[in-house]
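Just below is one structure, and these are the notes that go with it.
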Protein chains: 2
Amino acid sequence: MSSVTGPRRGRPGHDQSAVLAVAIQLFNRQGYDRTSMGDLARELGLTKSAIYHHVESKEALLSLAVDEALDALESALDAVGGATPYEQLRAAVHASVVVLVEHLPAVTLLLRVHGNTPVEQEALRRRRAIDARLADLVRAAVTTGALRADLDPQLISRLLFGLVNSLVEWVRPEDGTGHDADRLAAAITTLAFDGLEA
Amino acid sequence: MSSVTGPRRGRPGHDQSAVLAVAIQLFNRQGYDRTSMGDLARELGLTKSAIYHHVESKEALLSLAVDEALDALESALDAVGGATPYEQLRAAVHASVVVLVEHLPAVTLLLRVHGNTPVEQEALRRRRAIDARLADLVRAAVTTGALRADLDPQLISRLLFGLVNSLVEWVRPEDGTGHDADRLAAAITTLAFDGLEA
DNA sequence: GTCTATAGACCGATAGAC
DNA sequence: GTCTATCGGTCTATAGAC
């Protein structure tokens, strides 16, 4: 299968992608602030100093991680098609769930970012831009009459993608079949658009 | 009106409730781990040492905060009534939203706890117990035929309360009328049980 | 590419005066 | 109830050898 972990040329030892993957895992398990470069070194079987050969700083690791999540979410939205705003919205919800499951560690970390450092502020700015695109889709779908008009479109948008994002609290990695994400996305669109009642 | 902030006898200066309220606010703004006792002291206009006259430790502040949220959620669930499981579930959703809005800072902090300290582990244990009670309600409502049976009851439960909990990401304090929480709770139950479609 | 050693800053918490 | 001063520990990051 194709290498998802980026360039690795001949030499033994670790590369940036391997360090990043372990870092994201650790940040999600312990929290970013509570995870020291010493913790990361121990998990990698390295010393702290060796890590700094691969990444510039601890904050750079966070930046690389949230960029992975944001790039994936933006690309997925760019690829959304559909004849009507309603169909585009359903496709956007579906695509968001799939990205969330496929990039679960990075997206989980992204959704836990609430801080005030420049890296986190920039991540929040990009997240708000994505939210705005989705809110536009909801507004358009309400305007065409496909969605109920007795709820504020911005409220609908926030609830809809709050529902999607809440998946990171309990979804665990796929078992490899590759069908979990699609089935989960289908269940969520069913609940959101058709409701819970029998 | 009644004092929500606990005992404050004659003396000038701060009390534990005042320190806790500012601490929760700061923990939510900066993150628990990134907020130092020095930060909290500056926000209070005190020195670090003075804080330790009111609370035993930084972790004790976290413990007090999550206990406020958990106590409120448990009490709200205890008070839920209704003739059928379906009606009890709708009441539980409504009550959860109201508690979340009324205790927004404490509940926000609770939902951001994912660490491994004893205080956090205990908070997660109580949260899971609450989740289990709600999952039981969902299962019962599915059994009576009130809720659709083509979705796994545990999935329904997770999505339903993921939806409710996602409110902490954007809800801001009430303007004092006291009606916001009820109207918000009504909108959420509408979306969850009736769906988005027109 | 990894190591040992350490600089320099900040942390949580305490002692003891007022 | 608040202060000044400080202890012992941990943190990110760097210097320089191999």
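So you know, we letter chains A, B, ... as the sequences are listed, proteins then strands, and number each from 1. Bear in mind that the values here come from a model prediction, so they are computed numbers and not experimental data.
- Shown here for B:Leu77 and B:Ile130, the closest heavy-atom pair between the two residues is CD1-CG2, 3.9 Å.
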Please tabulate, for the side chains in residues 154-172 of chain B, all donor-acceptor contacts under 3.5 angstrom to protein atoms that are two or more places apart in sequence or on a different chain.
from, atom 1, to, atom 2, distance (Å)
B:Asn165, ND2, B:Phe161, O, 3.1
B:Ser166, OG, B:Leu163, O, 2.7
B:Glu169, OE1, A:His114, NE2, 3.0

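- Of the residues in residues 27-47 of chain A, those placing a heavy atom less than 4.0 Å from an atom of DNA chain C are A:Leu46, A:Thr47, in numerical order.
- The pair B:Arg128-B:Asp131 does not meet the salt-bridge criterion, since no charged nitrogen lies less than 4.0 angstrom from a carboxylate oxygen.
- Ion pair B:Glu74/B:Arg127 not flagged as a salt bridge, since none of the NZ, NE, NH1 or NH2 atoms sits closer than 4.0 Å to an Asp/Glu carboxylate oxygen.
- Salt bridge annotation for A:Arg126-A:Asp67: present, with a cationic side-chain nitrogen under 4.0 angstrom from a carboxylate oxygen.
- Counting only heavy atoms from C-beta on, A:Ser49 has its side chain closest to C:dC3 among D:dT6, C:dT2, C:dC3.
- B:Arg112 has no carboxylate O lying under 4.0 Å from a charged side-chain N of B:Glu120, or vice versa, which leaves the two without a salt bridge.
- A salt bridge is absent between B:Asp33 and B:Lys58; no separation between the charged side-chain nitrogens and carboxylate oxygens falls under 4.0 Å.
- Put simply, CD on B:Glu59 is 12 Å from C1' on C:dG12, counting in whole angstrom units.
- Within residues 51-58 of chain B, the residues approaching DNA chain D are B:His53, B:His54, by heavy-atom distance under 4.0 Å.
- Using a cutoff of 4.0 Å between basic side-chain nitrogens and carboxylate oxygens, B:Arg90 and B:Glu87 are not scored as salt-bridged.
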